[in-house]
Amino acid sequence: MSDPALQVLQQVFGYDAFRGEQQAIIEQVVAGGDALVLMPTGGGKSLCYQIPALVRPGTGIVVSPLIALMQDQVDALTELGVKAAYLNSSQDWQEARHVEQQFLQGELDLLYVAPERLLTDRCLDMLARGQIALFAIDEAHCVSQWGHDFRPEYLGLSFLAERWPGIPRIALTATATAETRKEIAQRLSLTAAPHFVASFDRPNISYHVVEKNEVRKQLLQFITQNYLGECGIVYCLSRKRVEETADFLQSQGVRALAYHAGLSTQQRAANQKRFLREDGVVMVATIAFGMGVNKPDVRFVAHIDLPKSIEGYYQETGRAGRDGEPATAWLAYGLQDVVQLQRMVAESQGDVTHQRNQTNQIEAMLGLCETVSCRRQLLLDYFGQQLEPCGNCDTCLNPPETWDGTVAAQKLLSAIYRLWRERGQNFGAAHIIDILRGKATDRVQQHDHVSLSVFGVGADLSVKEWRSVLRQLIAHKLVSVQPENFGTLSLTEQSRTVLKGEQSILLRKTEPQQSVAAKRKVPDETLPPEAQACYERLREWRTETAKAHEVPPYIIFNNATLKEVASLRPATLIELGRISGIGARKLEAYGAALLACLDQYEQALI
Ligand code: ADP
Ligand code: ZN
């Protein structure tokens with residue numbers, strides 16, 4: 001075993017082999033080269049800079065925007081016997097001073113720094129006086145101005161290339177459309193660096209999309225039927241909805257906590273900590289929550305409002321199942337979501353191109369919800385990656401029936417057209433559907449719409465069906481929603497081809513009750529039945545140990561490691577050390593206690 005990187009992987013991290021692109025990336029950086037790394041959440045990005053930092057002389061400087069999580073990252077490394085520290089605004093003067101001394105004396109393998117801190121004179125001066133192994137720029141998409149996580153401080157980071165041209169820089173992100181990638185490379189002066197693009201597929205996450213009716217009830221049912229007592233995240237669009245939903249879930253016996261930017265810093269930190277350290281907490285949050293929360297056993301991510309973009313959605317759902325075990329992404333959406341999002345765009349600051357771009361993203365998201373083919377295919381296509389139908393999303397598991405919706409589409413489009421022609425006005429969905437269904441409401445009569453040739457031509461479909469047709473036409477860009485005008489509907493360039501009968505339209509049927517059917521594996525199929533009880537005992541041991549050490553349980557050992565221990569029942573430290581995820585330091589720290597726990601368990605059986 002001569003390769004020092006492999007040696008570190010095995011001895012420090014306790015893993016047998018590199019995953020996917022890890023080896024190539026690590027070789028590149030160890031040799032002093034730059035790299036741009038695109039890997040999905042849970043793909044294993046951290047090792048790509050941690051190992052080179054350990055192999056190269058000097059300290060690896062990790063730029064991370066997530067002050068609240070630096071502590072956990074450093075704790076996890078410390079547990080592995082890696083010398084790590086951080087510098088950020090949460091520390092007092094003495095603590096920071098101590099860390100600076102450690103760095104200057106060459107005592108640190110890794111140093112995490114917030115970007116605004118890094119670019120201060122004091123920090124740059126300190127860096128100039130020590131030895132730097134590499135710069136890692138984590139969450140590199142924060143440099144993208146049009147992205148959802150833009151951080152202005154990131155724009156200053158290209159300075160590192162000027163100031164330290166000889167030090168390798170590695171930028172990492174889980175957000176990876178071709179555009180974002182280009183923007184990252186340009187803004188971080190990494191245009192000459194090779195790109196390492198991993199597969200973005202996360203096969204263990206099952207994707208499910210349902211139509212919203214009583215969304216809180218639907219959510220509760222999803223949780224109680226599939227994941228009661230397990231850890232999950234529920235994303236909502238607004239603070240108010242976060243509060244209401246968390247209250248509701250609590251009242252129904254779910255251990256829910258709230259997280260949004262309106263809470264005090266302390267409250268947010270406290271809730272985040274509970275989410276990380278306690279078992280089975282459901283975090284109800286705005287998208288302010290989640291970046292860098294690398295809790296491996298999040299079993300589900302639910303969205304009860306339509307996300308603003310596929311990119312954001314994929315990143316959020318990627319927070320489920322980092323441990324590689326089955327997990328579910330569940331999304332509930334409705335037409336109202338589209339109108340509301342479009343309105344937010346219209347009311348937002350920003351130039352026309354930016355607004356257009358956002359509108360396109362919302363439409364792409366709606367397209368994902370309305371698709372009749374594999375959802376994962378569509379998601380990965382968005383990142384430029386091809387895939388066979390996955391077999392693990394609702395459309396694969398339960399293919400939706402389709403019907404020829406050409407005539408229905410023509411009716412709807414001509415209703416919009418006639419109203420505009422003859423009444424000089426655009427109307428909203430409810431009104432148009434009333435006209436199609438021949439419902440002479442006060443409002444309909446007031447405009448004398450009864451005289452229109454389209455009045456009542458759509459009586460064969462229910463309101464629900466018409467809403468579904470409409471959503472699909474919006475998703476196909478055949479109808480556009482005018483957000484600045486209370487969600488009125490208008491035709492698009494492409495509508496004409498349908499009206500003229502040049503294009504036919506295949507639509508999905510609305511399903512009576514879309515079942516979630518996230519196949520829970522109870523009892524756990526990844527574990528032989530006879531190891532089940534032992535595994536539970538080991539988890540209890542882990543919880544106690546984590547409490548005593550004041551770290552999250554997964555920092556001690558992850559589930560996969562405990563499962564292997566429960567199945568193999570090692571009797572000696574040497575046998576224990578062969579298990580994946582048990583490196584030298586953890587063996588030393590916990591090996592004896594773990595064996596004692598196993599021993600006790602077996603004694604009790606006799
Ligand atoms: P990311 O930062 O890309 O979201 P992480 O670096 O947190 O992902 O890695 C996800 C999980 O996979 C972690 O629990 C990590 O320890 C594990 N992991 C990473 N690389 C390997 C490997 N080569 N073998 C086994 N497990 C790995
Ligand atoms: Zn699929």
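In each ligand, atom 1 is the first atom listed, and ligand 1 is the first ligand listed. FYI, side chains are in, hydrogens and waters are out, and symmetry mates aren't considered; it's all heavy atoms of this structure.
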Is it the side chain, the backbone, both or neither of A174 that has a heavy atom closer than 4.0 Å to ligand 1? neither
Which segment of P296 sits under 4.0 Å of ligand 1 when only heavy atoms are counted: neither
Angle at the Zn ion (ligand 2) (to 10°), with one arm to SG of C390 and the other to SG of C393: 110°
Report, rounded to 10°, the angle at the Zn ion (ligand 2) between the two atoms SG (C374) and SG (C396). 100°
Could you tell me whether atom 10 (C) of ligand 1 has at least one protein heavy atom nearer than 4.0 Å? yes
For [atom], what is the closest protein heavy atom, and at what distance to 0.1 Å?
atom: atom 6 (O) of ligand 1; answer: S46 OG, 2.6 Å
atom: atom 17 (C) of ligand 1; answer: R19 NH2, 3.7 Å
atom: atom 8 (O) of ligand 1; answer: G44 N, 3.1 Å
atom: atom 4 (O) of ligand 1; answer: G42 N, 2.5 Å
atom: atom 13 (C) of ligand 1; answer: Y15 OH, 4.6 Å
atom: atom 20 (N) of ligand 1; answer: Q22 NE2, 3.0 Å

Give a yes/no verdict on whether any heavy atom in P40 is under 4.0 Å from an atom of ligand 1. yes
Looking at ligand 1, is there an atom of it that comes within less than 4.0 Å of some heavy atom belonging to A17? yes
If we only count N/O pairs under 3.5 Å, is R322 in contact with ligand 1? yes
Based purely on interatomic distance, does N294 place a nitrogen or oxygen under 3.5 Å from a nitrogen or oxygen of ligand 1? no
Tell me whether [X] is salt-bridged to [Y], with the criterion being a basic N under 4.0 Å from an acidic carboxylate O.
X: E564; Y: R578; value: no
X: D297; Y: R539; value: no
X: K477; Y: E363; value: yes
X: E230; Y: R299; value: no

Using the ring of each side chain (for Trp, its six-membered ring), is Y49 parallel, tilted or perpendicular to Y112, with breaks at 30° and 60°? perpendicular
For the residue pair F557 and Y590, does the interplanar ring angle fall in the parallel (under 30°), tilted (30 to 60°) or perpendicular (over 60°) class? perpendicular
Within the 4.5 Å heavy-atom criterion, are I170 and I25 side-chain neighbours or not? yes
Consider only side-chain N and O atoms of T395 and Y207, and report whether a donor and an acceptor are under 3.5 Å apart. no
Pairing donors with acceptors under 3.5 angstrom, does anything connect the side chains of S468 and Q472? yes
F300 and its ring-ring contact (aromatic ring centres under 6.0 Å, His included) partner, picked from F222, W330, Y235: F222
Proximal atoms of ligand 1 relative to L47 (non-hydrogen, under 4.0 Å): 19 (C), 20 (N), 21 (C)
